[in-house]
Amino acid sequence: MAEENGHQYPVQANGATNGEAAPESQIYIDTKGGEFPVDEQPPQSEWDRLWDAVQKNPEDFSSWEALLDAAEKEEGGLTKDSSAAAQNKFRTVYDHFLAKFPLCFGYWKKYADKEFVLEGAEKALEVYERGVVSIHNSVELWVQFCAFKIANFPDDEEGIRGIFERGAEQVGNDYQSHFFWDKYLEWTESKGDRLAMLKVLERVITIPLHHYAKYFEKYSSVCASLPVTDLVTEEEYAKIEAEIRSQPKPEGEEATAEASVEKSEEQLEPLLRAKIHELKTHIYMSTQEAVHKRWVYEGEIKRSYFHVKPLDESQLANWRRYLDFEEAEGVESRIYVLYERCLVPCALYEEFWQRYIRFVLSRNDPTGVRNVFIRATSIFVPAGRPTVRLSYAAFEEEQGHIDEARAIYQTLLQNVPGHLETLTKYAHFERRQSGPDRALEILSEAVESVTSEDAKAYLEVQRVRVRYNVNQNAEEARTAYQEAAAKYGSSRYLLSAYLSFEIEQRDAKSIHHTTTAWTHIKSTPLPAEDKRTLGLRYLDYLTEHPSTTIGQINAVDLEVHREFMDKAGEASRKRGFEGDDVEGRPIKQVRGSIGGGVGGLGVQSPATPVGYYPPTQPAQQGYGAYAGYGAQAYGAAYYGAAAATPAAPQAWDYSQQAATGY
């Protein structure tokens with residue numbers, strides 16, 4: 001057996017490799033050079049079996065879990081005394097796993113905890129740093145990072161505050177970020193710095209958070225313990241003081257000796273505090289209103305982490321509505337935060353990546369757009385999903401990065417060979433960059449390589465159109481259509497393109513050629529309802545053409561209705577009778593168009609093999625249990641007395657793995 005990445009593979013005596021016919025003299029060579037007959041090959045180790053499983057199917061999360069478990073149990077359980085080989089196995093598995101599933105915040109913590117045991121706090125800190133870069137919007141991971149830094153480096157106050165500030169930048173505006181702010185305030189209070197607490201709280205009370213009310217109560221309490229001059233800036237203080245001093249006397253009252261005397265600092269302070277509290281209360285009420293608006297959508301979120309199961313349509317619809325709302329509100333920072341949150345549970349849905357990309361594009365931020373494309377295509381959206389990759393190629397072409405765009409098309413065709421939309425867009429990309437000959441070459445090679453008759457017919461149409469748009473030779477195009485129609489007579493797309501081509505001609509023989517096309521269509525095995533559709537198109541053409549008579553029009557009208565309308569209706573009725581068993585009746589697939597429409601091709605369902613109609617929805621299969629936010633219950637909203645209160649708060653237990661996420 002040949003060894004690659006620690007695995008053994010059969011080596012055949014004639015030099016053949018796996019996948020080729022093995023001769024009778026096939027032997028196996030172990031990693032130490034021993035040889036033995038194929039029927040006496042050594043049993044595969046459990047480690048190799050698990051590693052092979054994740055290599056064959058990297059999307060299988062359960063296989064990764066088993067491999068991680070095996071790595072942690074090497075030599076009876078990893079400790080600092082474990083061999084270097086066992087420790088390297090552990091790190092290799094975790095590095096590969098987290099490169100594939102970076103949203104699993106719980107596994108970043110497991111990795112850091114184990115490194116703490118093996119190498120100490122500095123090594124664990126490195127893992128946390130990698131984690132918050134990979135999943136920068138995980139509230140839980142930032143809280144764990146901060147807690148670890150506090151526990152192991154308590155004297156590094158500047159470093160601790162720096163991590164808190166970085167976390168505030170990344171997750172501070174998250175609706176569910178109260179865990180993070182609680183930790184920040186807890187640490188700040190432990191330092192006895194009331195003024196620093198005030199500065200943090202002044203930021204928090206402006207953010208629409210799940211537990212917004214308790215922060216205003218805390219803010220009011222801290223304010224009461226500080227001098228009034230610390231509550232606002234010098235400019236704000238001077239402005240408020242001037243307003244109070246300039247207030248007119250109440251109408252109808254005589255000036256008293258007390259009123260005419262300038263107020264002392266002691267008399268002024270309660271008035272200043274009351275005015276400042278009034279201003280901050282306005283902020284609180286604005287925050288409360290913002291929270292209530294968002295609770296409509298937040299209350300409908302059932303899963304804020306990634307899971308193997310696809311989201312149901314109601315959840316997807318809620319995310320769409322929530323994004324619509326936030327974009328209408330127009331606060332850019334909150335829009336970005338919501339997109340990042342959405343793309344944890346919806347990480348495999350191209351729809352939301354495309355929408356995020358369009359939003360960033362609208363901000364004229366090409367670097368930001370590229371970063372989103374890279375995240376989507378290199379980590380989250382499976383290689384067999386072409387839509388976002390096609391958009392990426394078009395973006396790079398527009399930016400003038402031709403080699404990068406070409407590489408995206410070519411890689412995509414390796415992953416989904418025969419995918420029609422990719423082939424078409426790649427051909428037109430090369431037409432723009434290298435000329436029509438290269439586009440025709442790509443399409444000709446594709447016609448030979450695809451196996452589906454419908455796919456061949458579609459590509460033939462693209463080839464005819466490219467050539468005709470260059471040379472405008474109608475006779476050549478007509479001949480090509482006729483030859484293709486003779487070979488692929490059951491392709492509605494091809495026959496429709498052929499008929500449309502003839503209808504669009506404006507020469508003296510156009511009606512003759514169009515009639516010839518219709519005559520050929522009638523002779524094909526195309527279903528009656530498709531012939532009816534094309535016949536009605538031909539009838540419209542005759543009705544509008546200046547040289548046709550009413551007799552010709554009526555003759556075709558009679559033919560279409562007698563020959564095809566009735567037969568199509570009969571077929572439809574037959575299908576209806578066969579489907580009278582309501583429980584067993586299949587649900588119709590939603591149909592759409594390819595990339596905005598390519599001549600009436602329908603979009604296939606996710607179950608259809610890639611190669612003809614491009615898929616539009618993520619496959620209904622697991623791609624691993626990412627986890628953006630762990631357990632879905634964050635606790636109740638901390639509303640005021642007048643507001644309806646949801647379920648009671650629940651504290652996050654960071655020592656436990658979430659029951660439904662990771």
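For clarity, every value in this text was computed on a predicted model and none was experimentally measured. Both backbone and side-chain heavy atoms feed into the values below; hydrogens, waters and symmetry mates do not.
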Should the heavy atoms of other residues, nucleotides or ligands under 6.0 Å from [atom1] of [X] be counted, would the total exceed 12?
X: Glu169; atom1: CD; value: no
X: His136; atom1: NE2; value: yes
X: Lys191; atom1: NZ; value: yes

Heavy-atom pair with the smallest gap, counting every atom of [X] and [Y]:
X: Val381; Y: Ala347; answer: CG2-O, 4.1 Å
X: Cys346; Y: Leu311; answer: SG-CD1, 3.6 Å
X: Pro208; Y: Tyr175; answer: O-CD1, 3.6 Å
X: Lys183; Y: Ala147; answer: CE-CB, 3.9 Å
X: Pro345; Y: Cys342; answer: CD-O, 3.2 Å
X: Cys104; Y: Leu98; answer: O-CD2, 4.2 Å

Side chains of [X] and [Y] in contact at under 4.5 Å (non-hydrogen atoms):
X: His178; Y: Ile207; answer: no
X: Ile379; Y: Pro102; answer: yes
X: Trp108; Y: Val132; answer: no
X: Leu185; Y: Tyr215; answer: yes
X: Leu423; Y: Leu413; answer: yes
X: Thr79; Y: Ser82; answer: yes
X: Trp187; Y: Arg161; answer: yes
X: Val369; Y: Phe373; answer: yes

Margin query: Apply side-chain contact (heavy atoms from CB on, under 4.5 Å) to residues Trp319 and Tyr349 and explain how you reach the verdict.
Written below: CA-CA 12 Å; Trp319 281 113; Tyr349 290 81; over 6 Å; no
Going by an N to O cut-off under 4.0 Å, is there a salt bridge joining [X] and [Y]?
X: Asp312; Y: Arg303; value: no
X: Glu396; Y: Arg370; value: yes
X: Lys109; Y: Asp113; value: yes
X: Arg91; Y: Glu119; value: yes
X: Glu72; Y: Lys114; value: no
X: Glu313; Y: Arg320; value: yes
X: Arg341; Y: Glu326; value: no
X: Glu65; Y: Lys110; value: no
X: Glu75; Y: Lys89; value: no
X: Arg406; Y: Glu397; value: no
X: Lys218; Y: Asp182; value: no
X: Asp52; Y: Lys56; value: no

Parallel, tilted or perpendicular: rings of [Y] and [X] (30°, 60°):
X: Tyr184; Y: Trp181; value: parallel
X: Tyr94; Y: Phe90; value: tilted
X: Phe101; Y: Trp64; value: perpendicular

Distance-only donor-acceptor check, side chains [X] and [Y], under 3.5 Å:
X: Ser391; Y: Gln354; result: yes
X: Arg355; Y: Tyr339; result: yes
X: Glu298; Y: Tyr322; result: yes

[atom1] of [X] to [atom2] of [Y]: how many Å apart, nearest 0.5 Å?
X: His419; Y: Arg385; atom1: NE2; atom2: CZ; result: 9.5 Å
X: Glu157; Y: Thr188; atom1: CD; atom2: OG1; result: 10.0 Å
X: Phe352; Y: Leu323; atom1: CZ; atom2: CG; result: 7.0 Å
X: Thr422; Y: Asn415; atom1: OG1; atom2: CG; result: 10.0 Å
X: Arg389; Y: Leu412; atom1: CZ; atom2: CG; result: 7.0 Å
X: Ile160; Y: Ile150; atom1: CD1; atom2: CD1; result: 5.5 Å

Note to self: Pair Trp51, Thr92 - check side-chain contact (heavy atoms from CB on, under 4.5 Å), show working.
What the structure shows: CA-CA 11 Å; Trp51 191 262; Thr92 298; 4.2 Å; yes
Margin query: For Ala121, is there any backbone N or O sitting under 3.5 Å from a side-chain donor or acceptor partner on Asn152?
Written below: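 No, Asn152 side chain to Ala121 backbone: no donor-acceptor pair under 3.5 Å.
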Next item on the list: Test Leu209 against every option in Asn173, Asp174, Val291, Val204 by the side chain to side chain contact (heavy atoms under 4.5 Å, CB included) rule and name the one that passes.
Entry: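 Running side chain to side chain contact (heavy atoms under 4.5 Å, CB included) over Asn173, Asp174, Val291, Val204 with Leu209 returns exactly one hit, Val204.
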Next item on the list: Evaluate the side-chain contact (heavy atoms from CB on, under 4.5 Å) criterion for residues Glu186 and Glu189: first the C-alpha distance (whole Å), next the side-chain angles of each, then the deciding distance (0.1 Å), finally the verdict.
Entry: CA-CA 5 Å; Glu186 175 190 326; Glu189 188 170 18; 6.0 Å; no
Next item on the list: Go through the steps for Trp353 and Phe380 under the test ring-ring contact (aromatic ring centres under 6.0 Å, His included), then give the verdict.
Entry: CA-CA 10 Å; Trp353 286 105; Phe380 299 111; 5.5 Å; yes
Checklist line | Geometric cation-pi criterion Lys149 and Phe153, 6.0 Å radius, 45° cone | finding: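 Checked: cation-pi criterion met.
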Margin query: Pair Tyr128, Leu141 - check side-chain contact (heavy atoms from CB on, under 4.5 Å), show working.
Written below: CA-CA 8 Å; Tyr128 275 117; Leu141 191 58; 4.1 Å; yes
Next item on the list: Answer yes if the ring centres of Tyr107 and Tyr111 are under 6.0 angstrom apart, and no otherwise.
Entry: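 So the answer is no for these two rings.
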Notebook entry, point to check: When the ring centroid of Phe359 is compared with that of Tyr336, is the distance short of 6.0 Å?
Noted result: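 Centroid separation for Phe359 and Tyr336: below 6.0 Å.
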